[in-house]
Peer 1: 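Structure incoming, see below.
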Amino acid sequence: MSSSRREFLYGLGSLSALTLFPLERTEPDLILYNGNFWTVDARPPRAQAVAISDGRFLAVGSNEEVLALASGRAKKLDLGGNTVLPGFIDAHTHPAEAGLDHLRMVDCDLRSIADIVSALRKRAAQTPPGEWVLGFKYDDTKTSDGRPLNLADLDSAVPDHPVFVEHRGGHTAWVNSLAMKMVEIDANTADPPGGKYDHDPATGHLTGHIRENAKTGFQQLIPSNFTRDDRREGVKLISKMMTRTGITSVGDAFGTPDDLRAYQEAREAGELSFRVYCLIGFQFIDQMLAAGIRTGLGDEWVRVGAMKMLCDGSISERTARLSQPYIGRPDDFGILVAGEDQLYPVARKAHAAGWQLGTHANGDVAIDATLRVYERLQRELPRRDPRFRLEHCTVVNDSLVRRIKALGAIPTPFSTYAYYHGEKMKEYGPERVDHMFALRSFIDAGIRPTQASDYPPGPFEPMMALQSEVTRTDTKGNVWGPKQKITVEEAIRVGTINGSHASYEENLKGSIEAGKLADLVVLGRDPFKVDPSELVNIPIQRTMVGGKWMWEA
Ligand SMILES: [Zn+2]
């Protein structure tokens with residue numbers, strides 16, 4: 001917090017001093033009282049009431065102190081003793097894209113291959129022959145069949161439409177024969193650089209599973225015929241879905257100019273219910289530079305974030321680039337999508353122009369390569385407080401953690417994976433999992449990691465994130481990486497104030513503090529009092545963004 005803030009204290013309440021912020025208009029429009037506020041690194045640390053004016057906190061203190069500020073026009077709401085936290089910040093997720101997916105694609109988050117192919121068949125029946133049938137959120141470890149989807153499943157269900165079903169991780173997909181034919185791939189086609197067409201080891205036939213850069217040829221053929229209204233509609237839908245779980249701000253981890261416009265148009269139409277820090281995909285950096293745009297442009301609702309690059313594969317799809325092979329696959333070290341030499345020139349251009357950088361790096365090999373790029377940039381073109389982001393930053397070791405700390409870099413590890421994707425962790429092995437989503441290591445080293453769902457790959461519910469981070473236990477009771485457990489208090493800090501730091505907005509949001517944006521969540525139960533294995537069940541009663549209720553149960 002900045003000491004230059006025009007903040008002053010007066011009175012001595014029952015909890016601690018009331019803090020007041022002198023806004024232009026000092027009459028509150030709304031007072032929330034009789035609450036159990038945990039303010040997160042603010043003064044006072046706990047409070048009973050807040051006064052809100054013009055979308056910001058005007059005062060934070062005891063019931064008596066804050067209610068004394070009420071004028072004739074102030075509305076008052078009794079919170080009945082419920083717990084209030086700052087709104088959650090999901091620092092790495094893909095909302096614009098996910099919103100469109102929910103509008104247009106078959107949601108394959110189903111529990112059997114039969115259910116999935118039947119949903120695809122149904123969609124095909126409503127789709128003119130020859131047009132694409134698209135699915136998303138398929139998860140190979142979540143069906144009861146004990147085997148992944150394959151080409152034959154898709155061919156028999158949907159023979160007359162090209163099919164493209166993405167894994168919920170987004171780095172791999174399953175396609176049918178017609179799609180293969182359209183992209184001119186057969187069993188003899190060589191793998192593209194940084195990609196793979198899987199073959200049946202016995203017959204040599206294509207299995208329909210395509211990985212990383214092998215998806216590109218298919219994606220180029222899938223028409224992206226979304227209108228501006230579709231895109232705005234997608235943003236409206238996903239921002240509603242997310243605010244009802246207590247999220248008030250997101251980082252869009254791979255925004256395009258179309259996404260940026262969709263956020264802006266949704267906001268103008270009154271349909272944007274969260275705040276967005278929109279990272280921009282590296283493919284668009286030249287356009288951005290030509291327009292004179294850089295990180296920070298915008299306002300507290302829609303802001304241009306870092307430039308986003310990609311270094312390796314995915315954790316949930318087991319393609320992250322590791323120094324040691326996957327368990328049970330001695331020759332499989334994962335996939336490096338772009339190495340140091342490919343990342344450096346793009347990174348340098350953006351860094352020199354004042355952009356924050358964010359690079360997808362899951363495996364230890366990828367994190368090392370990304371850190372080399374960042375370290376080199378700071379040697380050659382030192383910038384004050386560049387806040388380099390390591391998107392995901394999953395598999396670390398002591399030396400990587402030291403380099404992250406030395407650079408002041410920000411990891412955005414998956415928050416819900418230990419809980420939700422536990423069954424995939426056996427392919428990493430218990431020793432490695434002790435160094436994955438390494439919140440304990442980061443916090444102990446003085447690093448400020450964020451909450452990050454990466455949705456669609458991970459569920460975005462902040463209460464699930466808290467449970468996953470505090471218990472490291474999956475839905476079946478298996479514990480993954482117990483050394484990395486953190487406390488409820490730490491997990492809340494990761495999900496609030498640390499997220500604001502990752503977007504240079506720590507003076508604007510992330511805590512309940514006089515002068516900051518009035519973003520908060522009212523919970524049905526107190527996370528400090530429930531059993532940690534019950535955190536996921538805490539109901540979200542209300543979510544406020546900028547002094548407005550965006551969700552009320
Ligand atoms: Zn992502």
Side-chain angles (χ1 to χ4, degrees), residues 88-102 105 109 136-139 166-173 194 211-213 215-216 219 234-235 238 241-242 247 249-256 259-260 263 274 276-284 305-321 334-338 343 356-363 366-367 370 388-395 409-417 420-421 424 436-437 449-462 464-465 468 495 499 502-503:
F88 281 89
I89 298 173
D90 188 339
H92 180 129
T93 168
H94 298 273
E97 194 187 344
L100 286 176
D101 291 350
H102 278 284
M105 295 167 96
D109 186 14
F136 80 121
K137 280 176 83 178
Y138 165 60
D139 189 333
E166 250 184 333
H167 194 281
R168 76 175 292 161
H171 286 244
T172 69
R211 299 171 191 249
E212 303 293 342
N213 289 346
K215 285 165 55 201
T216 311
Q219 285 167 320
V235 165
I238 192 76
M241 287 169 64
M242 294 180 95
I247 291 169
S249 288
V250 296
D252 184 317
F254 208 101
T256 66
D259 296 334
L260 203 50
Y263 288 125
F274 53 33
V276 190
Y277 186 64
C278 189
L279 281 69
I280 302 292
F282 67 94
Q283 299 94 326
F284 307 100
M307 177 183 76
K308 169 75 180 294
M309 299 181 292
L310 287 136
C311 186
D312 72 335
S314 122
I315 291 296
S316 65
E317 293 149 282
R318 290 87 75 203
T319 54
R321 182 70 170 84
I335 296 177
L336 202 66
V337 178
L343 297 174
Q356 185 187 26
L357 305 180
T359 307
H360 168 117
N362 269 314
I367 296 167
T370 303
F388 294 114
R389 294 172 51 131
L390 291 153
E391 306 301 330
H392 313 317
C393 196
T394 305
V395 183
I410 299 168
T412 67
F414 298 108
S415 303
T416 53
Y417 273 29
Y420 186 82
H421 284 308
K424 299 174 178 77
M436 289 171 63
F437 331 116
T450 66
Q451 188 172 104
S453 68
D454 201 29
Y455 186 78
F460 52 71
E461 290 79 354
M464 188 191 293
S468 190
S503 64

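Computed over heavy atoms, backbone and side chain alike; hydrogens, waters and symmetry mates excluded. Bear in mind that the values here come from a model prediction, so they are computed numbers and not experimental data. Just so you know, ligand 1 is whichever comes first in the structure, and atom 1 is the first atom listed for that ligand.
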Peer 1: Going by an N to O cut-off under 4.0 Å, is there a salt bridge joining Lys424 and Asp139?
Peer 2: yes
Peer 1: Can you spot which of His94, Lys137, His92, Glu97 makes a side chain to side chain contact (heavy atoms under 4.5 Å, CB included) with Tyr455?
Peer 2: Lys137
Peer 1: Hey, are Glu166 and Lys215 close enough for a salt bridge, meaning a charged N less than 4.0 Å from a carboxylate O?
Peer 2: yes
Peer 1: Decide side-chain contact (heavy atoms from CB on, under 4.5 Å) for Asp312 and His360; before the verdict, give the C-alpha distance in whole Å, the side-chain angles of both, and the deciding distance to 0.1 Å.
Peer 2: CA-CA 7 Å; Asp312 72 335; His360 168 117; 3.4 Å; yes
Peer 1: Is there an N/O/S atom in His360 that lies less than 2.8 Å from the Zn ion (ligand 1)?
Peer 2: no
Peer 1: Taking 2.8 Å as the cut-off, does His392 contribute an N, O or S atom near the Zn ion (ligand 1), distance below it?
Peer 2: no
Peer 1: Working to 10°, measure the angle at the Zn ion (ligand 1) formed by atom OD1 of Asp454 and atom NE2 of His92.
Peer 2: 90°
